[in-house]
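Please read the structure below before turning to the comments.
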Amino acid sequence: MQQQKIKISQAVIWISSLFLGILSSVPQLASHAFNWDEAIVNSAITAAFSVIMWYLNIYMLNRNSGKRRQNISYSRLMVVLAFGMVVMFGLAWIQQLILSHINFGPTMLMVEVRGILINLVCYMFLTLLQNNYAGQQVQLELEKVKSDNLGAQYELLKQQVNPHFLFNSLNTLKSMVETHDSESVDFIMKLSDFYRFTLESRKLDLITVKEEMKIIDSYLFLQKARFGEGITFSNQLEESVLKTLIPPFTLQLLVENCIKHNIVSRNKPLHIDIYSSEDKIIIENPIQRKMIPEDSLGVGLNNVNMRYKHLLEQEISILDDEKIFQIKLPLIHEYNHH
């Protein structure tokens, strides 16, 4: 997220500059040799310098607004001060041209000191304002992440207790028990494992890909009990990839989407491949759309993309060329989100 640019009201800039200009002539009011011409020129020079420094500091601070910064940049401060001294020297020279009777040396020293003080005040005020903006943005981002995370957990929980999935699983189990299928006990164990994974992982932001593949194994076992040879699955992930991290149930949701939106039958089996390439996990399947598509629960790709965007500040890649449907997930080597 980019840092918000500083915006200062034009009225604030000009009124504060005029005030500083008038304030700079106050000491002259106490002088016995008060001169209106000198006071007006002095005020005008100070006000002009203040306006220039306002805009210069705003420009310099906004120049790197894409970078988060919550401390003082001394190099930038030195540049601003040096530029301010040059500007004030030029204004002092103009003052000398207008008021030629004034001794340029002492006047020059006085206006330069005044210029440095005004410059410092402008810089520190704008830096504090920028830091305040940055703090507010960080807080808003954290709140958004919390909100999105709660939403993702809620949608994920709805997905895992999907009554259609549970209903189909129980129907499959009923048929297996009635036919005395030898894999009935394994089916019960896999169904139990799947929901145990759900309870254990739903509060975690990330798990290892190896743990995620255990969820996939349990899920596919349940689906193959229903579809038989209508599903084939190929896992080509290397050991190094299995040690990386992934939001829980990401691959399971994507595999479920493959089954939900494509024809799955013995005559036209659905092939699902998972492999890695170019620092990404890729899951793909040939497109064989159902004649009557199933209703979506609103979870799927948006949920996955949202979690990657907030955990890694990257988005997933989706390819759909009407022949192959492919999703690329960035590898997460460590969790550094703040």
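- Residue Ile15 belongs to no hydrophobic cluster, having no ILVMFWY side-chain heavy atom closer than 4.5 Å to its own.
- Put simply, the side chain of Ile272 reaches to within 4.5 Å of the side chain of Ile283, judged on heavy atoms.
- Counting heavy atoms from C-beta on, the side chains of Asp279 and His333 come closer than 4.5 Å.
- Atom CD1 of residue Ile259 and atom NZ of residue Lys290 lie 9.0 Å apart, to the nearest 0.5 angstrom.
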task: Would you please test Glu284 and Phe325 for side-chain contact (heavy atoms from CB on, under 4.5 Å) and show each step?
output: CA-CA 6 Å; Glu284 66 179 31; Phe325 188 80; over 6 Å; no

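- In this structure, Glu239 does not pair ionically with Lys243, as no charged nitrogen and carboxylate oxygen lie closer than 4.0 Å.
- In terms of heavy-atom proximity, Asn285 sits nearest to Cys258 at OD1-SG, 3.1 Å.
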Which side-chain N or O atoms in residues 227-238 pair as donor and acceptor under 3.5 Å with protein atoms at least two apart or in another chain?
{"from": "Thr232", "atom 1": "OG1", "to": "His271", "atom 2": "ND1", "distance (Å)": "2.5"}
{"from": "Ser234", "atom 1": "OG", "to": "Gln236", "atom 2": "NE2", "distance (Å)": "3.2"}
{"from": "Asn235", "atom 1": "OD1", "to": "Leu237", "atom 2": "N", "distance (Å)": "3.1"}
{"from": "Glu238", "atom 1": "OE1", "to": "Ser276", "atom 2": "OG", "distance (Å)": "2.5"}

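- No side-chain heavy atom of Ile246 sits under 4.5 Å from any side-chain heavy atom of Leu206.
- Environment of NZ in Lys328: sparse, with no more than 12 heavy atoms of neighbouring residues, nucleotides or ligands closer than 6.0 Å.
- Side-chain contact between Phe197 and Lys214 is present, with heavy atoms from C-beta onward closer than 4.5 Å.
- For the pair Val241/Leu331, a side-chain contact is recorded, criterion being any heavy-atom separation below 4.5 Å from C-beta on.
- When every heavy atom of Glu212 is checked against every heavy atom of Ile207, the shortest pair comes out as OE1-CD1, 3.6 Å.
- Proximity of Thr250 to Leu329: side-chain heavy atoms (C-beta onward) are separated by under 4.5 Å at one or more points.
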message: Under the criterion side-chain contact (heavy atoms from CB on, under 4.5 Å), I'd like the reasoning laid out for Ile287 against Ile324: C-alpha separation, chi angles, the key distance, then a yes or no.
response: CA-CA 5 Å; Ile287 296 176; Ile324 295 292; 5.8 Å; no

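- Heavy-atom neighbours of Glu278 CD from other residues, nucleotides or ligands within 6.0 Å: at or below the threshold of 12.
- Screening residues 183-193 for side-chain hydrogen bond (donor to acceptor under 3.5 Å, both in side chains) gives Asp193-Arg196 as the qualifying pairs, with residues at least two apart or on separate chains.
- Note: Phe249 and Phe194 have perpendicular aromatic rings, judged against thresholds of 30 and 60 degrees for the angle between ring planes.
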message: With side-chain contact (heavy atoms from CB on, under 4.5 Å) as the criterion, how do Val209 and Leu245 come out once you've worked through the C-alpha distance, each side chain's angles and the decisive distance to 0.1 Å?
response: CA-CA 6 Å; Val209 174; Leu245 303 172; over 6 Å; no

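- Under a 4.0 Å N-O distance rule, the pair Lys174/Asp181 does not qualify as a salt bridge.
- Hydrophobic cluster of Met189: the remaining members, joined at side-chain heavy-atom separations below 4.5 Å, are Val185, listed by chain and number.
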query: Run the side-chain contact (heavy atoms from CB on, under 4.5 Å) check on Ile274 and Ile281 step by step: do they pass?
result: CA-CA 7 Å; Ile274 295 182; Ile281 295 176; 4.1 Å; yes

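- Considering only heavy atoms from C-beta on, Val304 comes within 4.5 Å of Ile316 through its side chain.
- With sequence neighbours excluded, no residue forms a side-chain contact (heavy atoms from CB on, under 4.5 Å) with Asp217.
- Clustering of Ile, Leu, Val, Met, Phe, Trp and Tyr by side-chain heavy atoms under 4.5 Å joins Ile282 with Tyr275.
- The shortest heavy-atom contact between Ala225 and Thr172 is O-CG2, 3.6 Å.
- Leu270 places a side-chain heavy atom less than 4.5 Å from the side chain of Val264.
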